Every structure is written in C-alpha cells, then in structure tokens.
Amino acid sequence: MTYLLIKHKVSDYKNWKIVFDEFIDYRKVGGEKDYKIFHPKGDPNNLILLFQWENADSAREFIESRSLQQAMAQAGVSEEPEIQFLEMIDAGNL
C-alpha cells in the first residue's frame, strides 16, 4: 500500500467537500482505498488529506490526471497543493 499526503488551502470547505464527495467514483477506480481529512484547529479551509492507495503508480497517475486538476479548480483549491507519496515503515497500537 501507498499513502498520499496532500496539503492545500481551499476557499470554502463546505463547497470543497461537495466536489470531493462527487469525485468518489473516479477516486475508487483510480485505486484509492480510504481517506482522512484533517485541518488545524480553527482553520477549516487549510486541509491536510491522507489517502491510502493500492500502489504508488496508481496514486501518481491519479495526481497527474487532468480530471483531478479540473475537480480541484471547481472545488476552490486556492493554492498549489503540497503532495508527498509515503510508504509506511512501522505502525502500532497502544
């Protein structure tokens, strides 16, 4: 599994989330397995997204897709996203 960490600002979280949810089928077909959405306390338009993907190739293909670029523009992403591809090396439960 590959993880994808994306940080970006949006103009309005509620509007962004509507577009994000409408894009779910495209994300599933692309190989996304799950997601988590975070924001710093008191700053709901500054998003930190963590996705789990089948593999790095499918995640990279998704990130580079024209469809994603169009959806981000429609959703009100207001600055260039910071994107990192991650591989888990350890995990645990306490």
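Only a predicted model underlies this, so the values are computations on that prediction, with no experimental measurement involved. Numbers here simply count residues along the sequence, with the first being 1.
Think of L5 as one node in a network of Ile, Leu, Val, Met, Phe, Trp and Tyr side chains linked at under 4.5 Å; its network also takes in Y3, F38, I48, L50, L86, M88. Side-chain heavy-atom separations under 4.5 angstrom define the hydrophobic clusters, and V19 shares its cluster with no other residue. The other members of the hydrophobic cluster of L4, by chain and number, are I6, V10, Y13, W16, F20, F23, Y26, Y35, I37, L47, L49, F51, W53, F62, I63, L68, M72, V77, I83, F85 (side-chain heavy atoms under 4.5 Å, ILVMFWY only).
To the nearest 0.5 angstrom, K9 atom NZ is 5.0 Å from N46 atom CG.
With sequence neighbours excluded, the residues that form a side-chain hydrogen bond (donor to acceptor under 3.5 Å, both in side chains) with S58 are N55. Qualifying salt bridge (Lys or Arg N to Asp or Glu O under 4.0 Å) partners for D21, counting only residues two or more places apart in sequence or in other chains: K17. Partners of D25 by side-chain contact (heavy atoms from CB on, under 4.5 Å), not counting sequence neighbours: none found.
Residue pairs meeting the side-chain hydrogen bond (donor to acceptor under 3.5 Å, both in side chains) criterion with at least one member in residues 84-94, sequence neighbours excluded, are E82-Q84. The list of side-chain hydrogen bond (donor to acceptor under 3.5 Å, both in side chains) pairs with a residue in residues 69-81, not counting sequence neighbours, is empty. Contacts classified as salt bridge (charged side-chain N to carboxylate O under 4.0 Å, His left out) and involving residues 39-54 (residues at least two apart or in different chains) are given here: K33-E54.
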